[in-house]
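Just so you know, these numbers come straight off a predicted model, no measurement behind them.
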Amino acid sequence: MAAVAENPPATAEDREPQREAVPGLENQQRQIENGESGRERPLRAGESWFLVEQHWYKQWEVYVQGGDQDSGTFPGCINNAKLFEDQVNWCLKKGLVEGEDYVLLPAAAWHYLVSWYGLEHGQPPIERKVVELRGFCKVEVYPVELLLVQHSDMGTPHTAEFSQTDSIDLVLCTAREQFLVSPQEETRLWVEKAQGSFERLCNTRVTVLDAALKSGQLVIMETRSKDGTWPSAQTHAVNRASKEDEDFQGQPGICGLTNLGNTCFMNSALQCLSNVPQLTEYFLKNRYLEELNFCNPLGMKGEIAEAYADLVKQAWSGHHRSIVPQVFKTKVGHFASQFLGYQQHDSQELLSFLLDGLHEDLNRVKKKEYVELCDAAGRPDQEVAQEAWQNHKRRNDSVIVDTFHGLFKSTLVCPDCGNVSVTFDPFCYLSVPLPVSHKRVMEVFFVSMDPRRKPEQHRLVVPKKGKISDLCVALAKHTGVSPERMMVADVFSHRFYKIYQLEESLSSILDRDDIFIYEVSGRSAICENSREDVVLPIYLRERTPARDYNNSYYGLMLFGHPLLVSVPRDRLSWDSLYHILLYRLSRYVTRPSSDDEDDGDEKDLEDKDSIPKPGHVARGSSQDPGPEQAGPSSRVAGGSRAPVDNSPGPSHWPQRARRKHLFTLQTVNSNGTSDRSNFNEDTHAQPYIAIDWEPEMKKRYYDEVEAEGYVKHDCVGYVLKKAPVQLQECIELFTTMETLEKENPWYCPSCKQHQLATKKLDLWKLPETLIIHLKRFSYTKFSREKLDTLVEFPIRDLDFSEFVIKPQNESAPELYKYDLIAVSNHYGGLRDGHYTTFACNKDSGQWHYFDDNSVSPVTENQIESKAAYVLFYQRQDVARRLQPQPNLSDPPAPPACGPPPNSELMDVN
């Protein structure tokens with residue numbers, strides 16, 4: 001940057017003693033032109049050179065070459081007036097050419113000439129830096145002139161000159177000095193681009209050249225407000241909220257986060273992380289500014305770290321009741337597309353992304369070297385573990401590693417050759433499994449063959465890995481009906497989605513499925529008087545009231561619950577089936593009175609036509625069983641259900657005059673439509689039968705309220721009690737040996753093939769802050785469930801000494817004991833839910849409950865619940881190290897993470 005300095009003018013009285021003190025003319029020429037201080041020496045990057053007006057320098061050359069000190073060619077004081085635009089601002093003229101308008105002298109030669117001849121009164125020296133650009137050094141005659149202003153005062157800008165090799169940090173320091181900003185205040189720079197747009201100068205370590213700054217550009221310095229916000233980032237809504245909170249002064253850290261729409265998962269994760277003391281202090285004291293990594297290809301150009309820092313500074317300013325994390329949400333969605341939009345997500349998944357993003361944005365390793373992972377190969381664990389940790393730190397060194405990273409030992413054993421592979425791997429959190437019950441609760445509806453009984457809702461306890469037959473056995477204990485007289489079906493949208501085989505797995509049934517279990521006639525026996533029954537799937541349909549151009553009805557709509565009805569094979573006629581179904585529907589279908597009697601409607605039912613048996617077709621129809629019913633129907637047709645129907649059926653009704661038919665019957669496919677064009681005459685699948693109602697007949701004789709009615713069995717009120725588990729049990733499960741699954745085999749270097757090896761994880765090195773993720777969400781091929789087991793976890797003194805296999809320091813037990821500092825909670829189920837946070841304030845030691853923008857104090861006995869999902873523990877030696885040392889005159893500090901006296905407490909349970 002150009003230096004501005006003034007020297008006293010050389011008067012006539014002063015000139016004579018100067019000439020007497022200067023060396024001879026020949027020595028002057030040698031010192032100025034040649035040698036280490038001469039202008040002929042090569043340029044060196046970073047040094048200063050000075051401009052001297054060409055005419056004066058030529059006059060000096062004539063003077064020293066003449067050899068006469070009393071000659072009339074004496075040049076007088078150095079005068080650079082011709083190089084300046086004016087005599088006020090001393091701006092250098094544009095377009096000056098070296099060798100025509102000026103010469104360049106190194107600093108030593110310039111100072112010699114000034115001491116010998118002086119500098120014209122009032123003129124500043126024209127100092128310029130030597131810069132190295134693309135491997136070549138040159139004197140930067142025209143530095144970059146930037147116009148500096150404050151964001152709060154966009155008045156007359158201050159002009160400052162900078163070399164292209166100057167850092168942006170120097171620009172920031174110059175602006176802070178110019179505008180008298182105190183060292184405690186945080187500032188940042190913006191530069192004006194084309195069309196009035198502005199761009200952040202994020203990386204202050206780059207040069208003016210790298211930042212592509214040009215002369216005349218406007219650079220704005222912005223100062224962070226006392227409430228932690230940046231003035232430029234505040235929207236109108238935030239501005240209004242800020243004005244409301246302008247005079248608010250609360251406890252730092254007791255600040256809610258606004259729910260932007262299904263962002264409670266993000267708020268919960270942020271509140272937990274914000275209450276990790278050493279991480280929050282790292283951001284509040286601006287230590288992150290020196291470690292921002294803008295060139296890490298795995299990072300996010302420092303944007304995630306800066307966005308998180310903004311949130312922390314606002315939350316811990318004490319000037320907000322709640323803040324709006326809109327900017328942070330936008331940044332997260334930009335770098336992780338899975339979090340775009342406003343869908344519900346998992347707080348642990350966001351936490352994992354955030355920790356990784358912060359680590360890479362703050363990684364002190366600017367250029368990661370290649371590190372080859374080495375197996376133990378029989379070496380001592382201590383040696384292998386130390387090597388693994390050092391290799392990890394060679395590529396990963398950040399505040400996240402310092403705070404959250406630990407090391408565990410992984411042991412793999414090949415089942416064939418017995419080869420043992422031992423590696424040590426870093427971890428950021430522990431995902432521990434919960435002890436899973438081997439039982440499952442399923443809700444079903446039982447439909448009896450007795451039409452007088454309403455369907456019954458049952459809650460059954462079955463083996464989680466059981467079969468459909470186990471479901472029937474469990475129901476038999478409640479109903480007294482033999483399991484062999486039951487058929488299980490999934491009903492969806494008034495039709496059978498699937499009819500299950502007895503040997504199928506229960507895992508294919510989801511909790512949200514509507515399962516109906518129908519009583520049918522028993523199995524057939526190979527005996528003299530036995531007869532075989534056929535189980536027919538029955539649908540209910542209604543003709544739509546819409547009319548076409550011919551004024552006739554068209555379209556049929558399914559309604560009600562389908563049925564599975566046992567029909568004796570020797571009574572498979574339309575007329576017999578009509579009376580059988582009329583009997584089965586008698587609870588909610590009213591039989592016609594004597595006034596409705598007629599001579600029958602032979603058009604609706606043809607008594608002599610039988611229902612198409614398996615392998616046969618009714619006249620004018622074709623058979624399409626549908627994929628889901630082929631197995632069960634073939635089982636029914638094959639005689640696996642026996643004809644034992646002793647209920648008072650239509651054959652026992654008194655013979656009366658023929659009544660008017662209430663409905664018609666039609667063979668349909670499994671979807672309930674009459675399209676049977678794909679019928680194959682060789683199939684042995686059972687036909688589906690539809691009961692078709694005219695709207696008027698349905699309205700008159702069909703009681704919809706009664707048809708939808710059901711009763712609850714006493715078992716529905718039973719609740720399967722789950723015994724609480726200890727957190728230590730979950731950690732034991734985490735360290736238990738397991739066998740790898742088929743989808744994830746291990747390649748044995750000895751066998752040269754993939755093996756289902758046994759794997760065991762052990763804890764070796766624990767971090768300062770330990771994150772424990774309780775794996776409450778279980779996902780399989782057929783089922784998804786949330787485990788609402790109560791996990792009992794200690795608030796203080798969680799002891800890991802029994803789980804750490806590294807040789808322990810007996811004199812420092814606090815290295816293995818942890819205290820709870822935060823909990824992320826999840827309430828609800830899989831499809832919907834809500835996240836909240838319990839956290840202990842690092843300053844007051846008081847626990848608070850964070851529910852989006854609402855914050856309330858709580859007691860310690862309210863923290864443990866079935867909703868606990870992610871636990872944050874801090875090592876006790878770290879807590880003592882961070883705790884400030886009180887003065888003797890200070891009152892005693894409150895206990896760590898304890899309730900304050902006489903506080904208002906909210907019951908969150």
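- When each of Asp402, Ile400, Val276, Leu362 is paired with Tyr282, the side chain to side chain contact (heavy atoms under 4.5 Å, CB included) condition holds for Leu362 and for no other.
- A donor-acceptor pair is defined here as one N or O able to donate and one able to accept, closer than 3.5 Å; such a pair exists between the side chain of Thr403 and the backbone of Val399.
- In this structure, Phe84 has its ring center under 6.0 Å from that of Trp90.
- Glu387 meets the side-chain hydrogen bond (donor to acceptor under 3.5 Å, both in side chains) test with Arg379; sequence neighbours excluded.
- In this structure, Phe74 has its ring center under 6.0 Å from that of Tyr117.
- Between the Asp86 side chain and the Asn89 main chain, a donor and an acceptor come within less than 3.5 Å of each other.
- Thr73 and Trp60 are not linked by any side-chain donor-acceptor pair at a separation below 3.5 angstrom, with hydrogens and angles left out of the test.
- Annotation: salt bridge (charged side-chain N to carboxylate O under 4.0 Å, His left out) contacts of Glu186 (sequence neighbours excluded): Arg224, Lys313.
- Note: His359 and Phe404 fail the aromatic proximity criterion, with ring centroids not under 6.0 Å apart.
- Under the salt bridge (charged side-chain N to carboxylate O under 4.0 Å, His left out) criterion, Glu98 pairs with no residue, sequence neighbours left out.
- In this structure, Lys765 places its NZ atom where more than 12 heavy-atom neighbours from other residues, nucleotides or ligands lie under 6.0 Å away.
- Judged purely by atom type and a 3.5 angstrom limit, Asn293 uses its side chain to pair as donor or acceptor with the backbone of Asn296.
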